[in-house]
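First the structure, in the form of structure tokens, and then the observations on it.
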Amino acid sequence: MPVEYDVTIIGGGVVGTAIARELSRYQLKICLLEKDADVASGTSKANSGIIHAGYNAAKETLKSRLNIESNPQFDRIARNLKVPFQRIGSLVVAFAREDISKLKKEKEAGQDKGITGLEILNQEELHRKEPEIHPEARAALYAPTAGIISPYLLTIAQAENAVKNGAEVRLRSEVVDIKCDSGAVSAVVLKDSSELSSRVVINAAGLYADEIAALVGESYEITPRKGEYNLFDKEYGGMVKHVIFPMPSEESKGILITPTVEGNLLLGPNSNPVEDKEDLAVTREGLEEIWEGGRALYPDLPAEGVIASFAGLRASLPGDDFKIEALEDPVGFIDVAGIQSPGLSSAPAIATMVRDILADIAPELPEKLTLREGDFDPKLKKLPSFQDYQEKLDKWQDIFLQNPDYGEIICRCEHVTRGEIVAELNKEFTSPTLNGIKRRTRAGGGRCQGGFCGPRIAEIIAEELGISPLEVTKSGPGSEILWARVKDVKPDCDLVYGLGEKK
Amino acid sequence: MMREHQLVIIGAGPAGLAAALEAEKAGLEDIVLLERDEYLGGILQQCIHNGFGLNYFGEELTGPEYAERFIDDVRESSVKIRLKTMVLNISPDKKITAINEEEGMIFLKAQAIILAMGCRERTREALKIPGTRPAGILTAGTAQRFINIEGYLPGREVVILGSGDIGLIMARRMALEGAEVKGVLEIMPYSSGLVRNKVQCLDDFGIPLKLQHTVDYIYGKQRLEAVDVIQVDDNFNRLTETKERIECDTLLLSVGLIPENELSQDMGLKLADGSGGPPVNELRETEIPGVYACGNVLQVHDLVDYVSEEAEVAARGAANFIKDSLKKREKEIIIEPGRGINFVIPHKISYQDESRKLIRHFLRVDEPRENIKIVIRDEAGSQIARFGREIVTPGEMETVKLPESLIPEGTGKLEFSIEAEGVEENGK
Ligand SMILES: Cc1cc2nc3c(=O)[nH]c(=O)nc-3n(C[C@H](O)[C@H](O)[C@H](O)COP(=O)(O)OP(=O)(O)OC[C@H]3O[C@@H](n4cnc5c(N)ncnc54)[C@H](O)[C@@H]3O)c2cc1C
Ligand SMILES: Cc1cc2nc3c(=O)[nH]c(=O)nc-3n(C[C@H](O)[C@H](O)[C@H](O)COP(=O)(O)OP(=O)(O)OC[C@H]3O[C@@H](n4cnc5c(N)ncnc54)[C@H](O)[C@@H]3O)c2cc1C
């Protein structure tokens with residue numbers, strides 16, 4: 001039987017999808033496997049969304065090199081993939097006089113690594129940039145190259161672009177075993193017992209990378225560290241203009257405040273070890289901790305402005321650097337593990353590094369593999385989105401005239417039309433769940449949290465997929481939103497009259 | 001293309017329907033009614049229980065029956081109805097932008113506008129409860145819509161947070177559909193719903209109402225699995241030793257309604273504290289002349305009968321505005337809520353009206369009290385009217401009718417407050 005895939009990537013986070021996209025430049029048969037109902041279901045869905053300038057990590061680490069290499073690439077990536085990205089700059093804020101010398105050291109270290117634009121702001125300059133910051137904030141290290149991005153939209157777009165260039169992305173496909181043959185990987189086994197033969201397996205399984213590695217006899221341990229967040233209403237989005245960090249400690253960059261690309265404010269994360277790799281529960285103590293951190297930077301943060309809390313888990317690996325390498329035994333297995341912060345900021349360079357490793361090991365594989373460039377389209381097309389037309393509503397008429405579905409508002413809070421949802425569901429790569437649609441179109445993500453449009457979206461999904469609305473889930477099996485059909489009770493609906501004439 | 005009309009009404013719930021009919025009665029010939037849903041009647045269409053219309057029609061109707069009486073008349077009238085039409089934007093100079101699937105973008109200009117967008121349910125509380133974010137947490141009104149309109153049962157083992165009317169009604173509705181309702185939790189020491197709803201929906205079905213209780217933690221990865229329920233003391237401190245885990249797959253929230261005022265705010269109207277709607281005068285005219293508000297968009301009503309009446313007031317105001325037949329008072333009278341009162345509607349009295357005998361005021365008190373008086377004082381602090389009440393609660397709106405003749409000439413302010421025997425008199 002011929003080998004099905006040249007490369008199999010386990011894990012659809014920002015890292016796995018970046019690798020899939022990078023490798024889709026070449027004439028390779030690629031398959032990305034993700035256990036959940038959508039990509040960006042692990043760490044890549046819940047993090048700070050910051051593209052760091054890159055001065056934090058020690059110079060000799062991969063974290064430092066890959067972050068600094070990646071940072072300048074984000075403008076182009078975001079433009080090509082139509083992902084919201086804003087280079088708003090970051091500020092590390094000092095309150096104590098003695099911290100100012102620490103900032104200066106950070107700045108010099110950063111310049112030594114090649115980071116441009118770093119500047120120490122005095123009190124006046126700082127307060128001019130951030131009028132609502134704590135009055136006692138004394139100075140700051142300004143890094144203009146830091147930015148914010150939507151981590152899950154980036155991940156989704158990378159997957160979509162990889163698919164556009166010939167890669168396969170399979171959702172709800174959990175890898176449970178890896179088969180080897182005479183010292184080389186030969187296949188991955190999925191939970192439903194199906195087997196996919198592959199010459200190379202790339203382990204980008206995030207929190208579960210240790211369990212995947214164990215399947216080929218490797219032993220290391222990844223432990224989850226939880227970070228909790230508060231999200232504030234857009235009403236307060238303007239309070240903070242840059243990414244604001246406190247002075248960093250040994251362990252972490254601390255509890256930060258940042259605007260998000262959607263226009264909200266994000267406060268967090270703390271950092272606490274937990275047992276369970278699925279423990280995304282928000283705790284009372286945790287929320288108090290981040291709240292204190294927030295108030296220390298912005299004393300006027302409004303408690304009533306919090307509209308959501310959530311948590312993310314860091315995949316922490318002893319040694320404190322990324323682990324990106326090919327195993328000697330078995331041949332064909334590449335680890336991309338321990339991708340903690342700044343993993344999001346480093347994803348593009350991680351992907352090129354993995355490509356180089358692949359090129360290195362290619363000749364050693366039982367059947368040789370060559371990386372030959374193919375036709376690669378780095379761009380995604382943006383589908384019409386009503387949100388983008390708020391300032392030019394008359395222009396939407398042209399889109400409506402091509403398809404009346406674009407005149408029916410389904411999500412009333414975020415003003416998403418049926419046309420947008422149907423178009424999303426008909427993409428080559430999508431996730432036909434309520435969360436999948438919410439992420440991609442914002443439908444159900446507004447003030448009423450899908451209260452009104454949830455069942456309607458479920459019906460549209462059901463219609464497009466040819467299933468029952470009862471089978472539609474929020475985020476995969478087990479999260480069905482409707483239990484049973486009661487009866488058909490819609491009030492009579494043949495009441496649409498034209499303006500002026502009555503039927 | 002911009003089409004011009006006399007009166008455009010936004011929202012075809014009971015408020016919009018009554019306003020449309022009354023405006024026609026008052027002589028307007030070019031009335032447009034815009035509704036985003038695919039049917040007329042607004043929230044009433046999902047309220048299939050009894051209890052509507054006792055005041056207005058003198059008989060007890062279901063929500064859809066109450067709506068139907070207005071809908072039948074509107075269908076016979078000259079009112080131009082547009083369904084499945086979502087209003088997106090209103091400008092201060094009364095230009096309206098809407099969208100629907102037949103015409104696409106619609107641009108209208110109106111001489112007068114009546115805002116009748118109703119209200120929506122509060123959801124944020126759930127988001128602040130520690131724990132996970134599984135499927136199965138929804139507002140009571142959404143659950144009502146799922147069952148009564150869309151025809152789906154959203155769950156089988158239910159806990160309800162908040163004892164607002166919709167929560168109480170949904171406790172009974174879910175029970176009738178075969179779900180197990182494990183309790184209604186209320187953080188306050190009293191229910192925020194109508195007394196009759198507590199009796200008919202909980203007591204008659206043996207569903208416990210736990211006062212001074214709330215949800216403390218949410219469990220479940222994909223679908224809701226359980227909640228921790230906890231008692232609080234009078235200062236809302238959590239009494240951790242009372243914590244109890246209740247298994248359930250559904251959590252319904254009935255924690256309050258918020259007037260749906262995004263459009264009003266976009267057009268520059270400020271919202272009043274307490275009522276959550278734009279401040280209005282006795283004709284329900286907002287700060288923008290010719291723009292009126294009525295029904296739940298102005299203040300959350302517990303009885304639909306008052307909604308219809310309020311809409312009629314607004315419609316007459318709009319008609320007179322268009323006919324330019326209104327006469328301003330020499331001095332506007334500002335109405336202020338005093339001690340014990342959350343808000344009073346209207347917020348001011350602006351017009352002179354020879355034929356008017358009474359001005360009706362709606363108000364909500366801040367906490368339950370017994371044997372009190374609602375006292376109205378003028379600018380000088382002299383009492384001009386008082387109304388006795390045996391029981392008042394925040395859950396039930398109070399109305400008082402103030403005879404116009406009692407308002408002293410030239411006063412610029414009226415203050416409404418609660419006074420009771422044994423409580424010191426109004427502190428002036
Ligand atoms: C609180 C917090 C804040 C952060 N903030 C930032 C920041 O501001 N900037 C920054 O640069 N970085 C930040 N990071 C780090 C960044 O989020 C991560 O480095 C990045 O998301 C890691 O991506 P990943 O693809 O390696 O992992 P993941 O996103 O976890 O992806 C792994 C995927 O593998 C799947 N999977 C696991 N096992 C299997 C299996 N057996 N079969 C199939 N699929 C499987 C999972 O479902 C998951 O989707 C933060 C991290 C945390 C936790
Ligand atoms: C669940 C529930 C149970 C109730 N039970 C009782 C009861 O037992 N007895 C009783 O007397 N009263 C009851 N009430 C109160 C009564 O039903 C309401 O006070 C009344 O329906 C409010 O009328 P309305 O027209 O202001 O709002 P709604 O009925 O909410 O109508 C508003 C309309 O405006 C439309 N709209 C909003 N925004 C737009 C827009 N941008 N473009 C176009 N259209 C828009 C909406 O779709 C809706 O149709 C209940 C209310 C609720 C919510």
Side-chain angles (χ1 to χ4, degrees), chain A residues 278 280-284 286-287 306-310 386 393-394 396-397 400-401 404-409 412 415 417-418 434 447-449 451-452 454-456 459 469-470 473-493 495-500 502, chain B residues 3 32 36 38-41 45 48 64 75 80-84 86 88-89 97 99-107 120-121 123-124 126-128 130-136 138-139 141-142 145-156 177 216-219 221-223 249-250 262:
Chain A
E278 299 286 322
L280 289 175
V282 174
T283 64
R284 193 175 306 278
L287 292 181
V306 177
I307 53 166
S309 319
F310 61 90
F386 193 49
L393 286 171
D394 49 325
W396 186 256
Q397 190 67 4
F400 163 78
L401 287 173
D405 277 357
Y406 286 100
E408 184 182 353
I409 300 273
R412 293 165 172 183
H415 292 177
T417 61
R418 175 186 288 269
L434 290 180
R447 291 178 304 268
C448 84
Q449 292 295 311
F452 174 77
R456 295 244 168 135
E459 276 172 14
L470 299 179
T473 64
K474 184 175 174 220
S475 56
S479 63
E480 287 73 17
I481 57 161
L482 305 167
W483 269 119
R485 188 85 203 157
V486 182
K487 55 189 165 315
D488 216 354
V489 281
K490 275 200 190 208
D492 92 58
C493 297
L495 265 169
V496 186
Y497 312 128
L499 267 181
K502 193 164 64 167
Chain B
R3 287 177 293 210
V32 174
R36 63 186 176 186
E38 53 197 299
Y39 46 81
L40 300 170
Q45 297 287 13
I48 59 170
R75 282 170 135 165
K80 294 156 208 150
I81 304 166
R82 207 75 190 102
L83 289 171
K84 290 184 94 171
M86 171 102 186
L88 302 167
N89 184 285
T97 312
I99 184 172
N100 71 23
E101 64 194 73
E102 269 185 32
E103 295 156 284
M105 302 304 307
I106 301 170
F107 302 95
R120 65 165 189 275
E121 295 169 281
T123 56
R124 285 188 183 176
L127 302 168
K128 290 186 190 169
T132 55
R133 298 284 164 264
L138 63 168
T139 62
T142 301
R145 191 180 170 100
F146 273 24
I147 300 180
N148 295 345
I149 304 244
E150 314 282 344
Y152 293 105
L153 191 61
R156 288 180 301 202
E177 286 297 336
D216 201 46
Y217 200 87
I218 292 171
Y219 299 92
K221 270 179 193 146
Q222 294 283 40
R223 179 82 195 193
D249 59 32
T250 306
E262 278 64 30

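Residue numbers start from 1 in every chain, and the chains themselves are labelled A, B, ... in the order their sequence lines are given, proteins ahead of strands.
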Worksheet entry | Part of B:Y219 within contact of chain A (heavy atom distance under 4.5 Å) | neither

Worksheet item: How far apart are the closest heavy atoms of B:A135 and A:S479, and which atoms are they?
Response: CB-O, 3.7 Å

Practice prompt. Tell me, please, which residues at least two apart from A:F400 pass ring pair (Phe, Tyr, Trp, His ring centres under 6.0 Å).
Written response: none

Fill in: Between B:N89, B:T132, B:T250, B:T97, the one whose heavy-atom pairs under 4.5 Å with chain A are most numerous
B:T132

Worksheet item: When you measure from the side chain of B:D249 to the backbone N and O of B:G155, does any donor-acceptor pair fall under 3.5 Å?
Response: no

Practice prompt. For chain B, find which of A:L393, A:T283, A:L280 contributes the most heavy-atom pairs closer than 4.5 angstrom.
Written response: A:L393

Fill in: Contact leader toward chain B among A:R284, A:E480, A:K474, where contacts are heavy-atom pairs under 4.5 Å
A:R284

Fill in: Taking every non-hydrogen atom, the tightest pair across A:P455 and B:F146
CG-CE1, 2.7 Å

Fill in: chain B contact via A:F310 - side chain, backbone, both or neither, heavy atoms under 4.5 Å
neither

Worksheet item: By a 4.5 Å heavy-atom criterion (distance strictly below it), what part of A:R418 contacts chain B: side chain, backbone, both, or neither?
Response: neither

Practice prompt. Just do the side-chain contact (heavy atoms from CB on, under 4.5 Å) check on A:I409 and B:R36 with the steps written out, would you?
Written response: CA-CA 9 Å; A:I409 300 273; B:R36 63 186 176 186; over 6 Å; no

Worksheet item: Is chain B contacted by the side chain of A:D405, its backbone, both, or neither, given a heavy-atom distance below 4.5 Å?
Response: neither

Discussion item. Under the rule for side chain to side chain donor-acceptor pair (under 3.5 Å), what residues qualify as partners of A:S475, not counting sequence neighbours?
Written reply: B:Q222

Item to complete: Return the option, out of B:R156, B:M86, B:K221, with the maximum number of heavy-atom pairs under 4.5 Å with chain A.
Response: B:R156

Worksheet item: So does B:R120 pair up with B:E262, basic N to acidic O under 4.0 Å?
Response: yes

Discussion item. For B:I99, which atoms come within 4.5 Å of any heavy atom of chain A: side chain, backbone, both, or neither?
Written reply: both

Item to complete: Answer with side chain, backbone, both or neither: which region of B:R145 has an atom nearer than 4.5 Å to a non-hydrogen atom of chain A?
Response: side chain

